[in-house]
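A quick write-up on the structure given underneath.
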Number of protein chains: 2
Amino acid sequence: MKIFSYFNKILNDPTYSTKLLVICSISSGGLLAYADSNTNGAKSISVPCQNYETTQKKKVVVLGTGWASTSFLKDLDISSYDVQVVSPRNYFAFTPLLPSVTCGTVEARSIVEPVRNIIKKRNGEIKFWEAECLKIDPDNKKVLCRSNIDENLAGNNEFSLDFDYLVIAIGAQVNTFDTPGVLEHCLFLKEVEDAQRIRRSVIDCFEKAVLPELTEEERKTNLHFVIVGGGPTGVEFAAELHDFIHEDLVKVYPSVKDLVSITLIQSGDHILNTFDERISSFAEQKFQRDGIEVLTGHRVMSVSQRMINMKTKSKGEDVSIPHGMVVWSTGVGTRPVVKDFMEQIGQGNRRVLATDEWLKVKGLEDIYALGDCATVDQKKIMEDISAIFKAADKDNSGTLTIEEFIDVVEDVVIRYPQVELHLKSKHLFEVTDLLKDVDGSDREEIDIEGFKLALSHVDKQTKSLPATAQVAVQQGVYLSSCFNKREKCKSEPEGPRKFRSGGRHDFRPFRYRHLGQFAPLGGEQAAAELPGDWVSMGRSTQWLWYSIYASKQVSWRTRFLVIGDWGRRFIFGRDSSRI
Amino acid sequence: MKIFSYFNKILNDPTYSTKLLVICSISSGGLLAYADSNTNGAKSISVPCQNYETTQKKKVVVLGTGWASTSFLKDLDISSYDVQVVSPRNYFAFTPLLPSVTCGTVEARSIVEPVRNIIKKRNGEIKFWEAECLKIDPDNKKVLCRSNIDENLAGNNEFSLDFDYLVIAIGAQVNTFDTPGVLEHCLFLKEVEDAQRIRRSVIDCFEKAVLPELTEEERKTNLHFVIVGGGPTGVEFAAELHDFIHEDLVKVYPSVKDLVSITLIQSGDHILNTFDERISSFAEQKFQRDGIEVLTGHRVMSVSQRMINMKTKSKGEDVSIPHGMVVWSTGVGTRPVVKDFMEQIGQGNRRVLATDEWLKVKGLEDIYALGDCATVDQKKIMEDISAIFKAADKDNSGTLTIEEFIDVVEDVVIRYPQVELHLKSKHLFEVTDLLKDVDGSDREEIDIEGFKLALSHVDKQTKSLPATAQVAVQQGVYLSSCFNKREKCKSEPEGPRKFRSGGRHDFRPFRYRHLGQFAPLGGEQAAAELPGDWVSMGRSTQWLWYSIYASKQVSWRTRFLVIGDWGRRFIFGRDSSRI
C-alpha cells in the first residue's frame with residue numbers, strides 16, 4: 001500500500017509545495033496507480049508467489065478486455081490460477097483517446113493493443129477466447145459463451161467454461177434512456193468502431209453538403225453537428241470536431257466553411273458538471289468563443305432522421321432543430337447478459353449490478369464484478385452503529401471513553417471510508433473531534449444515543465464511483481492483489497474488524513483514490529482537475545495531458561504510434577479520406 | 001519528351017554501365033515517368049498556357065480518382081478548362097501497396113491521399129463530387145451521377161453534369177469468370193476496403209481456430225489460406241501473408257502454429273508468368289522453401305462455404321480442398337456503367353472499351369478513356385500499307401527508293417510502334433534494314449508486293465498494355481499534355497502524317513514505355529524486372545523496392561506514414577487486433 005499511503009499523505013497536506021510535487025510526479029510519468037504496464041503500486045502490493053495448491057490450480061474466468069480486466073490480469077500471480085479470458089474484442093482499447101480517433105487526430109490502430117500481446121508477457125499461461133458471454137450460471141459455476149466470428153468458418157461457435165472464480169468486467173453499453181429514435185439515428189462513442197463510424201460520417205456530411213443541386217438550407221442542415229451530453233466525452237468530442245473542421249476540413253471544403261455549426265446539448269445547467277465550477281465555466285466560455293453553441297437545460301425528447309426534438313427544462317417549450325449528424329454521449333447502461341445475471345441473483349430491480357466493498361457481487365461467493373458494469377454498494381455506518389458501539393465498549397459500561405473509541409477508530413475508518421470524507425467536509429483533523437459536543441468541547445464519555453448523533457451525518461458522504469477508466473484500473477489492481485494473497489490472508493487476515501460477527505475481514509476493502517481528471521477543450525487547450533482541489537487550465541495543461549496520456553499507454557508500440565500520430569497531425573493535419 | 005528520349009537512348013545501349021545508370025536513377029527517386037508529384041517528364045511536355053477561349057472555358061468531366069485520373073489532373077492546365085471530377089472514392093489509393101495493407105505491414109490510411117488535397121494544389125479550380133457515375137450519355141454530352149452517401153442526409157442524391165470533354169478513368173472490377181460461389185465466398189484485393197476485410201478475416205480464422213471444443217481437422221481447415229491467381233498481386237499477398245503468420249501471428253497463437261497452411265492456385269504452368277522466367281522459378285523455389293504450396297495447372301471450378309473445387313488441366317481430375325479463407329486475385333472485368341456505355345456506342349460485343357492511340361474512345365470525339373477500364377486498339381500497319389506506299393511513292397513510279405522510304409519512315413515508326421518492336425526482335429538497327437532482300441543485301445527499289453512482304457510480320461508485335469498503375473500514369477500524363485497544347489497543335493500539328501486522308505495528326509500517339517516491375521516475395525526478398533531485360537533478385541532488390549515505393553508516394557504525408565509503418569513493423573511487428 002506504499003503508493004496509496006504516499007498519495008494519502010500528500011493529499012492531507014494542503015500546502016502549495018506539495019501540490020507542485022503532485023504535478024511533478026504526474027508529469028514525469030505519474031498517476032502511477034492510474035494505468036498500466038509499470039504499475040509500481042500494484043507490484044508493491046503483490047506478495048511473492050506462495051502456491052498452496054500445487055495439485056489443482058483454481059480456475060479463474062475473466063469476462064472482458066477493458067481497463068478493469070487488463071489491469072487485473074497484469075499483476076495476477078498465474079502460478080496459483082488457471083486463467084481464461086473471454087471477450088468479443090481481441091484487443092484492449094485506450095478509451096480516453098476515443099474522441100481523438102473520431103477526427104483522426106490519433107488513428108484507431110494506435111490506441112489498441114492485442115490482448116494476446118498483453119497476456120503473452122505472462123508466459124502464455126493465460127488463455128484468451130474471442131467470444132461473447134451469453135449467460136452466467138452462478139449455481140453451476142459455468143459461463144456460456146458464443147464466438148461472433150464469421151459463421152462460415154468450421155467448428156461450433158458455442159462453448160461453456162467452468163470457473164472457481166469469475167471476474168465480470170464487461171463494461172457498459174450506451175444508455176438511450178429509451179428516447180425514441182436514438183438507436184436508429186444517433187452515433188455513439190463507446191467502442192473503437194463507433195469512433196471510426198463517426199469519422200466517416202463527418203466526412204459524409206461534408207461530401208454531401210458540397211454536392212451540386214443542394215439548397216443552402218440543405219447544406220446547412222447536413223453541416224449541423226449535434227452532440228448530446230455535456231460530460232467529458234461529449235465536450236472533448238465537440239472540441240475535437242471543432243478543431244478538425246476549422247483546422248483541416250475548411251481547407252478542403254472551402255465552399256461551405258461558413259455553413260458549419262456545432263451544437264452541444266446538455267440537460268443540466270452546465271457542461272462538465274462533475275468538474276470544478278471554474279473548469280465548467282472556462283469550458284463554456286471557450287466554446288462560446290469558438291462558436292460552439294451550448295444548449296444547457298435542454299432535454300432531448302426524440303431524434304428523427306433529420307430533426308432532433310427537445311424540451312427546455314425551465315419553460316417546458318418544445319424546440320426542434322435539423323441536424324446532419326447526432327452523437328449521443330450520455331450515461332452508461334447495463335448489458336443484457338448482466339441484466340439477466342442480476343435477475344438470477346435477485347438484483348433484478350436494481351439499475352446496476354451491486355458488489356460489496358471487496359468487489360464481490362452481493363449475495364454471492366467467488367463472483368466479482370469491476371469497472372463500468374458494477375457499482376460498489378458502500379455499507380452505511382448507521383446500519384452497524386450499535387454493533388460498533390458494542391464492540392468498542394469493552395467494559396460494557398454503556399458509554400464509550402475516548403480511549404475505547406480510539407481503539408476501534410482505525411477499523412471504522414477503513415471499513416467506512418465516508419467517515420474520512422465527513423471529517424474533511426467538516427474541516428476536522430482528528431477522528432476524535434467527532435465526539436466533541438455541540439459547543440466543540442471535548443467529552444469524557446459518550447452514550448449510544450450521543451454516538452449515533454455524532455455519526456448521523458457521516459453516511460451522507462457516501463458516493464458512488466464514476467464510470468471511468470481510473471476507477472476500473474484501481475479495481476483491477478486491487479482485485480489482483482487480493483487474489484495473489486488469498487491464501488496468506490486466510491490465515492493472517494489484514495482487513496478491518498467485523499463488528500457484527502467478530503473476527504476480521506481477510507482483506508482491506510477497495511478504496512478509490514481520485515487522481516484528477518482532464519477535459520481537453522480543443523485549440524491546444526485543456527482543463528484539469530488535480531488532487532487537492534487544484535485546477536489547471538490552458539495550453540500548459542494540454543501539454544500535461546499529452547505527457548500523461550503518452551506515459552499511460554499500455555505498450556511501447558502504442559506509445560510510439562500515439563506520439564507519432566500527434567506529430568503527424570502537427571505537421572500534416574488530419575486526413576479526410578473516407579476510409 | 002526529354003525523359004522519354006533519355007530512356008529511349010539508354011535502352012538502346014546494351015552496355016552494363018548504362019544499366020547501372022538506370023538502377024541509380026531508379027533508386028535515387030527514379031522511374032520518373034512512373035508516378036507522381038514530381039513528374040518532370042510531364043512538365044517538360046506541357047507548353048505555357050495559351051488560353052484561346054477566355055470567354056468560355058471548355059468543361060472537362062473526369063470520372064475516377066485512381067492512377068490515370070490523378071496523373072491527368074496533376075498537370076492539366078486549368079486556366080483553359082473548367083474541370084469536375086466524379087468518383088465514389090474521395091481519395092487516391094497507392095494500390096501497389098494494397099497487399100501490404102492486408103497484413104498490416106502498412107496501414108490503410110498511409111496509402112491514401114484525399115483527392116481534394118491533390119486538387120487543392122491546383123488553386124481550387126478543380127471541383128470534386130463524391131458520387132458514382134450511373135450513365136454516360138455521349139449524344140447529349142452528359143453524365144448522370146448518384147452519390148452513395150448516407151440517404152439520411154438532406155438533399156437529392158442524383159445530379160447530372162454536362163461536358164465538352166469526358167475522361168473515363170474508373171478502373172476495372174474483379175473478374176470472377178462466372179465461377180460459381182466466388183462472389184459469395186471469396187475475398188478480393190482491388191480496393192482499400194478489400195484489404196482491410198482480408199486483414200480482419202485472417203485474424204478471424206486464427207481466433208476461431210483456437211477456440212475450445214474444435215477438432216484438429218476443423219482448426220486445420222480454418223487455418224488453410226487459399227489464394228487464387230499467381231499474378232503479381234496474388235504472389236505478393238501470399239508472401240505477405242506468410243510473413244505475417246510466421247513473423248507475428250505464431251507468437252500470439254502458439255497453440256496452432258503447426259496447423260497453418262497457405263496454397264496458391266494458378267491455372268497456368270508457372271506463377272508470375274508475365275515476368276522473366278528466372279523470376280518465375282526463383283519465386284516458385286522461394287515459396288517451396290517457405291512451405292507455401294503452389295498448385296499450377298489447376299482451374300477453379302467453384303467455391304463453396306468451406307471447399308474450393310478445382311480441375312487439373314493436364315488430366316482433368318477433380319480436386320477439392322477445404323479452406324478457411326479464399327482470396328480471389330485473377331484478372332480484371334468491366335464495370336457495368338462502362339458495359340452500358342459500350343453498348344450505346346456499338347462496342348457491345350467487345351470485352352473491354354477500345355480507344356485509338358490518342359486514347360480517344362473509338363468512334364467518338366471528345367470522350368477519352370484511360371487506365372484499366374480501356375484498352376488501346378493499335379492500328380495494324382497492314383491495314384494502311386497501300387496508303388503508306390502511295391504516300392511514300394512521291395514520283396508515282398510504282399516503286400519505292402530507299403530515299404523515299406526514309407522520307408516517311410519517322411512518321412511510320414511513330415504511328416505504328418510495332419515497327420520498332422519488330423526491329424528489336426529481329427536485332428535490326430536501322431529501319432531501312434527492313435527493305436533488305438532475303439539474302440540480307442540492300443535493294444535499290446521495292447515494289448508494293450515487296451513492301452507488303454517486308455512489313456508482313458510487323459503487326460505480330462502489337463501488344464495490348466497490361467492493367468498496371470504504370471500504364472495508367474503514363475496515359476494520364478500523356479492526355480494532360482495533349483489537353484494543354486490542344487489549341488497550339490490545331491494550328492501546328494505535331495503528330496505523324498495521316499497516310500490515308502493526308503495532313504497530320506494533331507498529336508503524337510500515346511506510347512507506353514515499360515520501366516520494369518517488382519514482385520516482393522516476402523522475407524525481405526524481392527524480384528524485379530528492370531529495363532533492358534535486366535533481372536534482379538534477393539534482399540538488395542527488396543531495398544530497391546522500399547526506396548522506389550517511398551519515392552513514388554503522392555505526398556510527403558503518405559511518404560512519412562509509409563516509411564513510419566515500415567519502421568514500426570521492423571521494431572514492433574504487425575498488429576493482430578481485429579479492427
Side-chain angles (χ1 to χ4, degrees), chain A residues 89-91 107-109 112-114 116-117 120 124 129-131 147 149-150 152-157 159 161 185 192-193 196 201 203-205 207-215 217-219 221-222 251-254 305-306 322 324 556-557 560-561 564 568 571-572 575-579, chain B residues 89-91 104 107-109 112-114 116-117 120 124 129-131 147 149-150 152-157 159 161 185 192-193 196 201 203-205 207-208 210-215 217-219 221-222 251-254 305-306 322 324 556-557 560-561 564 568 571-572 575-579:
Chain A
R89 221 174 64 176
N90 81 351
Y91 54 85
E107 288 300 328
R109 186 84 45 190
V112 303
E113 182 70 18
R116 292 175 188 279
N117 274 359
K120 198 175 67 181
W129 319 120
E130 188 187 295
S147 129
I149 304 166
D150 188 0
N152 281 346
L153 289 170
N156 195 358
N157 272 338
F159 57 95
L161 302 174
H185 304 294
V192 175
E193 285 88 350
Q196 292 175 309
S201 293
I203 303 294
D204 272 356
C205 290
E207 287 293 356
K208 184 68 190 268
V210 296
L211 282 187
E213 301 184 15
L214 262 72
T215 64
E217 212 47 51
E218 286 169 337
R219 293 185 211 277
T221 298
N222 291 335
K251 290 183 202 153
V252 278
Y253 303 90
Q305 197 174 320
R306 305 229 177 110
W556 278 102
R557 190 186 65 86
F560 170 90
L561 290 178
R568 191 243 317 130
I571 304 169
F572 302 107
D575 181 37
S576 61
S577 307
R578 194 197 176 280
I579 59 163
Chain B
R89 222 174 63 177
N90 81 351
Y91 54 84
E107 289 301 328
R109 185 88 39 195
V112 302
E113 182 70 17
R116 292 175 188 279
N117 273 359
K120 197 176 66 182
W129 319 121
E130 189 187 293
S147 128
I149 304 166
D150 188 1
N152 281 346
L153 290 169
N156 195 359
N157 273 338
F159 58 95
L161 301 175
H185 304 294
V192 175
E193 286 88 350
Q196 292 175 309
S201 293
I203 303 295
D204 272 357
C205 290
E207 287 294 354
K208 183 69 188 269
V210 296
L211 282 187
E213 301 185 15
L214 261 71
T215 64
E217 213 47 51
E218 285 168 338
R219 293 185 209 278
T221 298
N222 291 335
K251 290 182 203 152
V252 277
Y253 303 91
Q305 196 174 321
R306 305 228 177 112
W556 277 103
R557 191 186 66 86
F560 171 89
L561 290 177
R568 190 244 317 130
I571 303 169
F572 301 107
D575 181 37
S576 61
S577 307
R578 195 198 175 282
I579 61 162

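Hydrogens, waters and symmetry mates are skipped; everything else that's a heavy atom, side chains included, is used. Here is how names work: the chains are called A, B, and so on, in the same order as the sequence lines, proteins then strands, and each is numbered from 1.
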The side-chain contact (heavy atoms from CB on, under 4.5 Å) partner of P114(A) among V252(B), D575(B), I203(B) is D575(B)
Can you tell which of [options] has the highest number of heavy-atom pairs within less than 4.5 Å of chain B?
options                            : answer
T215(A), L161(A), V192(A), N156(A) : N156(A)
E213(A), R557(A), E218(A)          : R557(A)
R568(A), Q196(A), Q305(A)          : Q305(A)
H185(A), E193(A), E107(A)          : E107(A)

Exercise. Keeping the roles fixed (side chain from N90(A), backbone from R578(B)), state whether a donor-acceptor pair exists under 3.5 Å.
Key: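 Checked: pair present.
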Task: F159(B), part contacting chain A, at a heavy-atom distance under 4.5 Å - done: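 Both parts, backbone and side chain.
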Using heavy-atom distances under 4.5 Å, tell me whether [X] contacts chain B through its side chain, its backbone, both, or neither.
X       : answer
T221(A) : side chain
E217(A) : neither
R109(A) : both

Side chains of N157(B) and K208(A) only: does a donor on one sit below 3.5 Å from an acceptor on the other?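 Present: a donor and an acceptor within the cut-off.
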- Item | Minimal non-hydrogen separation, S147(A) against L211(B), with atom names |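 Reported closest heavy-atom pair: CB-CD1, 3.3 Å.
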Quick check: closest heavy atoms across L153(A) and G324(B), and the distance to 0.1 Å?
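What the structure gives for the nearest pair is CD2-O, 3.2 Å.
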For a 4.5 angstrom cut-off between non-hydrogen side-chain atoms, does V210(B) reach R116(A)?
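In contact.
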*Mind ranking L214(B), D204(B), N152(B) by heavy-atom pairs under 4.5 Å with chain A and telling me who comes out on top?*
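The answer is N152(B).
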